[in-house]
S.K.: 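Next up is a structure, given as structure tokens.
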Amino acid sequence: MSYASGRHFLQIPGPTNVPERVLRAISAPTIDHRGGAFGRFSSELLESVRDVFQTSSPVVIYPSSGTGAWEAALVNTLSPGDSVLMFEVGQFSTLWADLARRLGLNVRFVEGDWRSGPAASEVERILTEDTGHTIRAVGVVHNETATGIATNIADVRRAMDRAGHPALLLVDAISSLGSMDFRHDEWGVDVTIAGSQKGLMLPPGLGLNAIGEKAMAANKAARLPRAYWDWQPMLAQNKSGFFPYTPATNLLYGLRESLAMIREEGLQNVFARHDRHAESTRRAVRAWGLEVVSRDPGQYSSTVTAVLMPAGYSADEFRSVVLDRFNMSLGSGLGKVNDKVFRIGHLGDFNDLMLAGTLCGVEMGLAVAGVPHRQGGAAAAMEHLTAMARQAHESHVAVR
Ligand SMILES: Cc1ncc(COP(=O)(O)O)c(C=O)c1O
């Protein structure tokens, strides 16, 4: 296509739109990462980043993608041949299990249909049957980005407690942190895994681990080989704000800014905004007569909505029409749902009008691509957005 005027709509579920404030912060001159100014800056950052995890535990930040942070969580807590319990909810949970196998772990992978997440009762049953406590960790993806399915981590924790099982709880919060309620401490998560390019509104390039006390203790006995990902040299250097190797200095400037933005909006307001946009999107999907992938309303994601294409229609062709005609990127179907699903990302630096524009683009794209649907999805979403905005306006007027 020739020159595309106006703003590109980046509606994939990460990397997300990077706000101007963050771009400006990243553009500051790079400084000496072994100098005092950097040490003071990152000491503060390593403290303040804990808030978004709702934890008082240490958080380490790697120059890496989320996959690196996955590997770090495993190699720092487990030993060769250890058993790990994982659940198939979509492509990312599948990839994490593959990675664990390649590290020499024994993965007990509970197969799923990519339309629902693990039931807490299933977690409880498997762990109760594991009377010898051979399972050393339970790995759960909080928000499966490929299918838009969220797992209730508090429920998983309670199931583990009911089973009286000592396994570690490792949680991938890569596409939920900073967008959906996530409570590392309250939910008794042992390691939380995150990345920069989703709710934290940064470019890709930072991988994070929040490390609970039990995980720290497990680290002492864990024997999987590790070097780059080793928590200990990282934590030792982090005490004075430094890193054992060159950190992604400019992305860290960006992180300070994005955390400030989240603080200014208020974490609870950030969560409510994502919930509102997700609910509006689902109303649009239903009005179009299409189907959301997640079967269980209790497991809807607030950051991404995966939509099933009507049988016989190509999701990729539809996405390319939307890109060519309306300059908007939608997420593709990954793995088993390749070409069968498209995904609408509604996370990060995002507001009501951006969502309205996104849904108008989807609706127009469905018409141009000749995909059978009913009109009125964008209008249904706007109705919900309007009702929520009216409520907010009335309560604002009432307190004035
Ligand atoms: C839930 C989830 N886990 C893991 C990953 C892998 O992260 P990365 O691609 O940054 O390595 C992603 C990427 O989108 C993801 O959404």
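Just so you know, ligand 1 is whichever comes first in the structure, and atom 1 is the first atom listed for that ligand. Start at 1 with the first residue, then count along the sequence. From a predicted model like this one, the values you see are computed outputs, not experimental measurements.
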S.K.: Parallel, tilted or perpendicular for Phe243 and Phe38, by the 30°/60° rule?
M.R.: tilted

S.K.: Name all residues meeting the ring pair (Phe, Tyr, Trp, His ring centres under 6.0 Å) criterion together with Trp70; count only those two or more places apart in sequence or in a different chain, and write none if there are none.
M.R.: Trp96

S.K.: Could you list each N/O atom of ligand 1 together with any protein N/O atom closer than 3.5 Å, one pair per line with the distance?
M.R.:
residue  : atom   : partner : partner atom : Å
ligand 1 : 3 (N)  : Asp172  : OD2          : 2.6
ligand 1 : 10 (O) : Gly66   : N            : 2.8
ligand 1 : 10 (O) : Gln197  : NE2          : 2.8
ligand 1 : 11 (O) : Ser65   : OG           : 2.6
ligand 1 : 11 (O) : Gly66   : N            : 3.3
ligand 1 : 11 (O) : Thr67   : N            : 2.8
ligand 1 : 11 (O) : Thr67   : OG1          : 2.5
ligand 1 : 14 (O) : Lys198  : NZ           : 2.6
ligand 1 : 16 (O) : Thr145  : OG1          : 2.5
ligand 1 : 16 (O) : Lys198  : NZ           : 3.4

S.K.: Check this for me, if you would: do Arg125 and Glu129 make a salt bridge, where the nitrogen-to-carboxylate-oxygen distance has to be below 4.0 angstrom?
M.R.: yes

S.K.: To the nearest 0.5 angstrom, please state how far the CD atom of Glu291 sits from the CZ atom of Arg286.
M.R.: 11.0 Å

S.K.: If you take all heavy atoms of Leu323 and Ser329, which pair is closest and at what distance?
M.R.: CD1-OG, 3.8 Å

S.K.: Please check if atom CD in Gln232 has more than 12 non-hydrogen atoms from other residues, nucleotides or ligands closer than 6.0 Å.
M.R.: yes

